[in-house]
Amino acid sequence: MSKQTKKTKMPEQNPQQRVNNFGEVALGYSAEDAINEAKRCLQCKNPLCMQGCPVEVDIPDFIALVAEGKFEEAAKKIKEKNNLPAICGRVCPQEEQCERKCIVGIKNEPVAIGRLERFVADYARDKEEIEAVTKQDKGKVAIIGAGPAGLTGAADLAKMGYQVTIFEAFHEVGGVLTYGIPEFRLPKAIVKDEVEKIEKLGVEIKLNHVIGKIKGVDELFEEGYDAVFVGTGAGLPRFLGLEGENLNGVYSANEFLTRVNLMKAYRFPEYKTPVYVGKRVAVIGAGNVAMDAARTALRLGAEESIIVYRRAREQMPAREEEIHHAEEEGIQFKLLNNPTRILGNEEGFVTGMECIKMELGKPDDSGRRRPVPIEGSEWVMDVDTVIMAIGQSPNPILLKDSPEIETTKWGTIVADEDTGETSKAGVFAGGDTVTGAATVIEAMGAGKRAARAIDEYIKGSKK
Amino acid sequence: MYKILEKEVLAPKITKFKVLAPNVAAKAQPGHFLIVRVDEQAERIPLTIADYDRQEGSVTIIVQEVGYSSEEICKLEAGDSFLDLVGPLGEHIETENYKKVVCVAGGLGAAPLYPKAKSLSEEGTEVITILGARTKELIILEEDFAELSQQLYISTDDGSKGHQGFVTDVLKEVLEENDDIDLVITIGPMIMMKFVSELTKEYGVNTMVSLNSLMVDGTGMCGGCRVTVGGETKFACVDGPAFDGHLVDFDEQLRRQQFYSDHEKLAHGHEIGGEGCRVKAN
Ligand SMILES: Cc1cc2nc3c(=O)[nH]c(=O)nc-3n(C[C@H](O)[C@H](O)[C@H](O)COP(=O)(O)OP(=O)(O)OC[C@H]3O[C@@H](n4cnc5c(N)ncnc54)[C@H](O)[C@@H]3O)c2cc1C
Ligand SMILES: Cc1cc2nc3c(=O)[nH]c(=O)nc-3n(C[C@H](O)[C@H](O)[C@H](O)COP(=O)(O)OP(=O)(O)OC[C@H]3O[C@@H](n4cnc5c(N)ncnc54)[C@H](O)[C@@H]3O)c2cc1C
Ligand code: SF4
Ligand code: SF4
Ligand code: FES
């Protein structure tokens, strides 16, 4: 057992250097680092860490293999439960999931489970051999959306022996992993590689298929699919409804990040999609999405990139690690400020943003102290780009075509938490489209549980 | 890959393509558009479905060369393919229950207008068409419209064919002569749709316009195509692209279309002023 109280340090690109490139910020453990960290695990008989992992990775077992230097075997162990380990190791909010429950974390820093998972997945990347599941005789399942929920459901069903087809609206797979989370946190080559491995299992992926437009859910059943899984995410951007919100230079975080990540505007003009970034950029919101937008703006040449948030630092919803990285890179934080209108010039470009100062009042339903405006405290911030990162709701295209799938007043699909069953027979749903914007690992957990339920459902209906 | 079956140059810088996309053709209706990508580096370009043939499994698009991406598209030949093609997108329009409709097209606008006019005429509607362009070479689909229109007017800015002046001059006459028009549909440059809508408002005639806002995904995901309609923000790609012309804030749309004009010059290889991206090409 190791006496080390802290996690083995993650090598990182230094902040001055990394704001000039889109390369990964965290560089990954060496084999030495990994073995050293793995030795901090107590190999608990009743491993609490596993309760924190929605896809049930056998954490102590894989860590034991790492400690012995058996990295490829460790990778196999993880893959039994998790089809996207290189992704989870990078973007899971481990501090809220597996690592939060880790026993070592009571007195010291928990075992760096995420970093180990990342190391193992990266190590095994070119060494793995995937065998296609040749027997696809249990039935046919259609998966709508190639985000983490859909991909996980697809992989699990394929392994069970189903013939699986994923329909994806975009020209690339991955959902938010591809169009939302930036290259410097999650290289797209890694997403591609993990998805290719899922395809090798025998999963068919049809790109450029907007379900609800090119075909409806009922048509999928007519074509012989026995069940349908909806993993369409929460892609509809919210705006605040402010005066001046349609000025040139006001983006949704979705548009800004999609242009940069999916369309590779950061490599313009080699890639032809442009993105406009001014000198002073304000990002509204303080979640992961806001941090990503602010850090991306800096890398695209903004002189100042400023997070504007109506609550206080303790209430920022982004992961601590992301806030820390943002601060290191020089992102500014204007907390307890709420935008009231956006100002523009005659050509319709943003020239400033009026904000009102806020103070914390009494706790609201969520238990967080509610921000209230301080009367007469309006001031104008000198900015030329404004990015709205205040949340997303599910995209209604599919639901417009299938109104019989019940939704909540927020537009999310009503689905059973354990099975993903919706109000429409044979239709299951999971991920952000059910929960609203959440996390990669929760979406994957939902995909996994739905795969099990779909298996039961099809077995039952074929009797 | 989506194979190009036929290519035809209709006018200088205006090219028609028939593309094999059976699933899209099966669902296409008037008012729908699609998005294409030529290759890995290309933008996603929205184009109206100008016609479709369900039996053949093909969709027709008509492309005007206005900038880098549209030029790249027009370099493609029959036998080549688009890397990506997604559709049908947008809300289709209803063409039933109209007696008399005026179709007003500016330049390339004739292409997106055609499927609507065709469908109206198939429903037994009397169609009056006004085709306008800068000069006579740029008038497209004249014969196609002649076939389905009870009356067809041409208008060119330089007077090389038909009326010399703007389509609004001709429309005014038509509106004076006919007091039984149910609807005016107009598609063309934003500025033209603005003036047509202002004119028809005076006459109290319902007007439908089709917006060509800047788009990225075309599925309601980015909000880049926002447009103010009757004081509310709508997304042109999912709520439109057809809207009530009397409610659209055209001035805002005209400004939004200029958002990337400097960048487009750069894609073309021209230099622009100001700082570039901090990240050097890698
Ligand atoms: C910028 C950003 C940063 C984030 N950072 C983190 C992070 O660090 N850690 C973390 O855990 N989570 C993070 N999240 C949240 C996380 O990415 C999401 O919770 C997760 O991706 C949800 O997965 P999903 O499969 O439900 O949906 P998505 O990933 O949204 O995928 C849905 C897919 O369905 C497709 N689709 C939608 N409608 C249709 C249709 N009608 N037909 C066909 N296809 C359709 C979409 O194109 C998309 O590909 C972040 C989110 C964003 C936006
Ligand atoms: C729903 C919809 C349907 C459309 N249907 C057709 C069609 O059937 N045929 C066709 O040729 N075009 C159509 N367009 C317009 C077409 O998408 C644009 O012409 C194309 O994106 C321009 O790309 P580019 O790189 O060639 O030009 P750019 O280099 O991007 O632009 C050249 C010039 O055109 C302006 N411009 C750019 N995009 C647009 C736009 N969307 N609308 C108007 N001006 C623009 C720019 O400001 C610039 O001045 C449609 C657009 C939409 C949104
Ligand atoms: S998948 Fe995520 S939650 Fe599960 S063990 Fe790995 S890092 Fe932890
Ligand atoms: S709880 Fe912590 S120490 Fe125990 S097995 Fe899990 S990772 Fe190891
Ligand atoms: S094009 Fe993105 S929302 Fe309309």
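Per chain, numbering begins at 1; letters A, B, ... match sequence-line order.
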- Message: With side-chain contact (heavy atoms from CB on, under 4.5 Å) as the criterion, how do R259(A) and V216(B) come out once you've worked through the C-alpha distance, each side chain's angles and the decisive distance to 0.1 Å?
- Response: CA-CA 8 Å; R259(A) 283 181 180 270; V216(B) 182; 3.6 Å; yes
- Among L257(A), N395(A), L247(A), which has the most heavy-atom pairs under 4.5 Å with chain B? N395(A)
- Task: Take Y179(A) and D217(B) through the side-chain contact (heavy atoms from CB on, under 4.5 Å) test and state the conclusion after the steps.
- Result: CA-CA 11 Å; Y179(A) 75 71; D217(B) 57 298; over 6 Å; no
- Item | Spatial distance of atom CD1 (I45(B)) from atom OG1 (T273(A)) [nearest 0.5 Å] | 7.5 Å
- What part of V24(B) is in contact with chain A, defined as an atom under 4.5 angstrom from a non-hydrogen atom: side chain, backbone, both or neither? both
- Do N23(B) and H209(A) touch side chain to side chain, with heavy atoms closer than 4.5 Å? yes
- Message: At a 4.5 Å cut-off on heavy atoms, which part of I214(A) comes close to chain B: side chain, backbone, both, or neither?
- Response: both
- Nearest-0.5 Å distance that lies between atom CG in D39(B) and atom NZ in K272(A): 8.5 Å
- Query: When rounded to the nearest 0.5 angstrom, what distance separates CG in L83(B) from CG in N208(A)?
  - Reply: 8.0 Å
- Message: Restricting to non-hydrogen atoms, name the atom on G220(B) and the atom on P237(A) that form the minimum distance, rounded to 0.1 Å.
- Response: O-CD, 3.5 Å
- Message: Check the orientation of F239(A) and F235(B). Use parallel for under 30°, tilted for 30 to 60°, and perpendicular for over 60°.
- Response: perpendicular
- Give, as side chain, backbone, both or neither, the part of E40(B) having an atom under 4.5 angstrom from any heavy atom of chain A. both
- Would you call M221(B) and S252(A) a side-chain contact if the rule is heavy atoms closer than 4.5 Å? no
- Query: Which one of E346(A), E219(A), Q392(A) has the most heavy-atom pairs closer than 4.5 Å to chain B?
  - Reply: E219(A)
- Residue that, paired with N246(A), satisfies side-chain hydrogen bond (donor to acceptor under 3.5 Å, both in side chains) out of Q253(B), R226(B), R255(B): R226(B)
- Message: Quick check on K3(B): does its NZ atom have over 12 non-hydrogen neighbours (other residues, nucleotides or ligands) under 6.0 Å away?
- Response: no
- Message: Looking only at heavy atoms and a cut-off of under 4.5 Å, which of A26(B), A28(B), G90(B) has the most pairs with chain A?
- Response: G90(B)
- Note on the structure: Output for pair (K213(A) NZ, K27(B) NZ), nearest 0.5 Å, gives 10.0 Å
- Task: Can you establish whether the number of heavy atoms outside K192(A) located under 6.0 Å from its atom NZ is more than 12?
- Result: no
- Message: Please rank N248(A), N254(A), T258(A) by heavy-atom pairs under 4.5 Å with chain B and give me the top one.
- Response: N248(A)
- Message: Quick one, M263(A) and R37(B) - any side-chain contact, counting heavy atoms below 4.5 Å?
- Response: yes
- Message: Quick check on L85(B) against chain A: is it the side chain, the backbone, both or neither that has a heavy atom closer than 4.5 Å?
- Response: backbone
- Task: Report yes if some heavy atom in the side chain of H171(A) is under 4.5 Å from a heavy atom in the side chain of R44(B); otherwise report no.
- Result: yes
